[in-house]
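Presented below is the structure to which this report refers.
Worth knowing before you read on, the calculation uses all heavy atoms, side chains too, and leaves out hydrogens, waters and symmetry mates.
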Amino acid sequence: MRRANILTDFTWSRLLVKVAIVIATVTVIVWVMPDDSRTYFRVEQGRPWRHSDLTAPFDFPIYKSDKTIKKERDSLMRQYEPYYSLDKETEGKQVRRFVADFSKGIPGMPDDYISIIANRLRRIYQRGVMNTTDYNKLRADTSKMVRVVNGKNAASIRVINIYSEKGAYEELFLDEMLSQHRQALQKCNLNDYITPNLIFDQTRSEASLTDLMNSVPLASGVAQKGQKIIGRGDIVDENAYRIIESLKMENERRNSNSGKIGLVTMGETIYVALLVLCFTIYLSLFRKDYFEKTRSIAMLYSLIVIFVMFTALLVGNSIGHVYILPYAIVPIFVRVFMDSRTAFFTHFTMILICACMLQFPFDFIVVQTLAGLAAIYSLRELQYRSQLFKTAIIVTIVSMAMHVAYEMMRVPTLADVDTGTLNYIIVNGTLLLFAYPMLYLVEKMFGFTSDITLIELSNTNNDLLRRMSEVAPGTFQHSIQVGNLAAAIANKIGAKSQLVRTGALYHDIGKITSPIYFTENQSAINPHENMSYIDSAQIIIGHVTDGLKLAEKYNLPTVIREFISTHHGQGKAKYFYVKYKNEHPDDYVDDLLFTYPGPNPFTREQAILMMADTVEAASRSLPDYTEKSIRDLVNRLVDGQLADGYFRECPITFRDIAYAKTVLIDKLKTIYHTRVSYPKETQSKNA
């Protein structure tokens, strides 16, 4: 009862993890979607409209272009009058200071010139003195006016009627009476008594400028709901372009005001949730082996989320074309680590989610779906680096061909075909080449093993395999033969041949620690003759645990370690077990002393290896190699394993087992075929 509760709790915990992954996937996708996924217009002025007829979905203003608005505002700037406040105290202060400084008179000049100069200073201040820098900026336009605020009144005055500091100083010397005494006046430093009395009023000026700019209308008309904006194949002229851009701006404005809360967000959530749910149901119904592994669904949903995020980034920020993204990497990864059908469903789900962020998604779905299919078909098994290069070329060619074909169906002439997108597709194909180095990253992150890694592990120059060939040559040859037999069976029943071949090479590596105790490595000496049956059985069984220790030391993938632990399952070291029972018929026999730790095989590949290993080892003890003896041996051993229940926990069928026996019989007949005796040459009597 307690065990049942533990299993139930474990099942519920795994289910909750999967539910959490699905909810997190939907949440992240909806969150990263642009504020307005519907504003991704691909339109070029002077080019044909490549989509269906576009009509106004609601009333909206037709906004002017930035260039037009700037031109109109620049024209209005001529009417702009900056505000300057008149400082009344400056005049009296500076005149009094001048009179006080020269109260004893000016050397070389009559005394009455003090009042004359003071009078001239009052005239200058009454016209107004402005900062020289501001004056020079305004003086460039001779018709420029400024608004001078004097108390509660504001009057428009031409800039040319106002003095700058420098101009006021020069004005004093232009006076007829004062010009006669220029040298004497220059010693007086009259510029010290000239200071601006017109002060720039920033607050009033900015308010005036804002009002003036706001007087320029941003729109030049209104598009009525239902109004046809442009038809399919029509040339996008300036007017149509402005209306389409206005529709985009109005969409953005409306969605920014709503903050993505409401109907749009609800629709996106339902859309994404349904797609993710359908994908999850597919996995739970047809790919239970993937669905039950957290690492598998984590990889699948992570790939979907990552590419949706990249798409949202490009669309939301308008920093690039979505065709640059190598979406075909997703089916490549899934095909390498899983299977073709799951690769297609993952790719198609991702494409449908990304498409909802685009204004015209149909062509995107068509091109990217076909690109994904091309990647899957061209990459049935990834065994060589060159395959990814070929896949990238095939995907690029197929994508370009589909894009051109789709364009040709929508444009009036061949010259109107959009060739600019082809450049993005070429970049896309180039980025696909990064799939190879990224495979290693995906393997490490999610714990998968690719065929390329298996091929690298199958290299007999690897340290561990080379050591086995030197220390235990018989075991090494046995492993190679088992690998050949197992791979042949896998090819026959549609299992993973490269995986089982690699597993076969490493399944007996534990024998390296004590090779002499195993028959295939013995020559004349058998150390078991001087040992008890229990001790001998323990040494034989120990090659499994020793193999797992070596696998951990050499960092072999988990999938290879599983072949080491399952190739004997929970079977017995029968030779020593039967010997012990025969010699001790009345004694209690502890079966665990003769039993391998297991577990039993739980994949088809592990079951194949168990059959091939057992049959290959036993075939060496046949007294003669006839078709009948080989057939009887294979049937007896495999049927015995089936009867003992070794295959109850793996998804292998009776049909697979029947094919496996047929392959084993045919291969062993070929290996142990009887050679024809060569005749001896007879000597001639005349020789």
Side-chain angles (χ1 to χ4, degrees), residues 14-15 17-19 21-22 24-26 29 272-308 326-355 365 368-383 387-388 391 394-395 398 432 435-436 438-439 441-454 490 493-500 557-559 602-605 650-653:
R14 294 179 66 179
L15 180 61
V17 170
K18 295 179 178 64
V19 172
I21 291 176
V22 172
T25 300
V26 175
I29 289 175
V272 174
L274 285 176
L275 288 174
V276 174
L277 182 62
C278 289
F279 180 63
T280 305
I281 293 173
Y282 158 76
L283 292 175
S284 63
L285 293 179
F286 303 104
R287 288 296 181 267
K288 292 183 179 179
D289 51 336
Y290 302 150
F291 188 70
E292 292 173 357
K293 296 178 181 178
T294 303
R295 66 176 185 180
S296 297
I297 60 174
M299 185 193 79
L300 293 173
Y301 291 124
S302 295
L303 289 174
I304 293 174
V305 169
I306 288 171
F307 275 86
V308 170
Y327 294 98
I329 279 183
V330 172
I332 287 176
F333 285 168
V334 180
R335 176 63 189 89
V336 169
F337 296 121
M338 297 181 185
D339 62 89
S340 299
R341 187 189 300 180
T342 304
F344 175 74
F345 272 91
T346 307
H347 180 66
F348 194 61
T349 301
M350 174 192 65
I351 291 303
L352 289 179
I353 294 175
C354 293
I365 294 174
Q368 295 303 332
T369 299
L370 203 66
L373 288 174
I376 295 171
Y377 294 155
S378 64
L379 203 65
R380 293 184 296 274
E381 291 184 6
L382 181 58
Q383 297 181 348
Q387 286 180 266
L388 276 176
T391 297
I394 292 173
V395 169
V398 169
L432 276 180
Y436 183 80
M438 289 177 64
L439 277 175
L441 181 62
V442 174
E443 285 189 46
K444 296 303 178 183
M445 286 181 61
F446 300 102
F448 289 100
T449 304
S450 67
D451 283 350
I452 292 180
T453 300
L454 295 175
I493 68 174
K496 299 176 181 178
S497 60
Q498 185 59 54
L499 173 61
V500 73
T558 301
V559 69
F602 51 86
T603 67
R604 290 203 300 169
E605 289 75 18
C650 65
I652 196 167
T653 64

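Residue Tyr301 holds its OH atom at 8.0 Å from CD1 of Ile21, rounded to the nearest 0.5 Å. Within the model, atoms CD1 of Ile365 and CD1 of Ile351 stand 8.0 Å from one another, a figure rounded to the nearest 0.5 Å. Taking CD1 of Ile353 as the reference point, atom OG1 of Thr25 lies at 8.5 Å (rounded to 0.5 Å). Here Phe291 contributes atom CZ and Ile281 contributes atom CD1; the two are 9.5 Å apart, rounded to the nearest 0.5 Å. Atom NZ of Lys496 is separated from atom CG of Asp339 by 8.0 Å, given to the nearest 0.5 angstrom. Distance OG1/Thr653 to CD1/Ile493: 7.0 Å, rounded to 0.5 Å.
Summarising the geometry of Arg295 relative to Phe446, their closest heavy-atom pair is CD-O, 3.1 Å, with the distance given to 0.1 Å. Residues Met350 and Leu303 share a closest heavy-atom pair of SD-O, 4.4 Å. Closest heavy-atom contact between Cys354 and Tyr327: SG-CE2, 3.9 Å. Taking each heavy atom of Pro331 and Ala343 in turn, the nearest pair found is O-CB, 3.5 Å. Of all heavy-atom pairs between Ile297 and Tyr290, the closest is CG2-O, 3.9 Å. When all heavy atoms of Ser497 and Ala490 are compared, the closest pair comes out as CA-CB, 3.6 Å.
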Pair Leu499, Thr449 - check side chain to side chain contact (heavy atoms under 4.5 Å, CB included), show working. CA-CA 9 Å; Leu499 173 61; Thr449 304; over 6 Å; no
Decide yes or no on side chain to side chain contact (heavy atoms under 4.5 Å, CB included) for Met338 and Leu300, but give the supporting numbers first. CA-CA 10 Å; Met338 297 181 185; Leu300 293 173; 3.8 Å; yes
Stepwise, does the side chain to side chain contact (heavy atoms under 4.5 Å, CB included) test hold for Ser296 with Phe448? CA-CA 9 Å; Ser296 297; Phe448 289 100; 3.8 Å; yes
Applying side chain to side chain contact (heavy atoms under 4.5 Å, CB included) to Thr346 and Ile304, what does each step give before you reach the verdict? CA-CA 7 Å; Thr346 307; Ile304 293 174; 4.0 Å; yes
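Of the possible donor and acceptor atoms, one in the side chain of Arg604 sits under 3.5 Å from a partner among the backbone N and O of Gly494. Side-chain N or O atoms of His347 include one that pairs as donor or acceptor with a backbone N or O of Gln368 at under 3.5 Å. Under the 3.5 Å distance criterion, the side-chain polar atoms of Tyr282 are matched with a main-chain donor or acceptor of Thr342.
Side-chain N/O atoms of Ser340 and Tyr377 include no donor and acceptor closer than 3.5 Å.
Classified by interplanar angle (parallel below 30°, tilted 30° to 60°, perpendicular above 60°), the ring pair Phe348/Phe344 is parallel.
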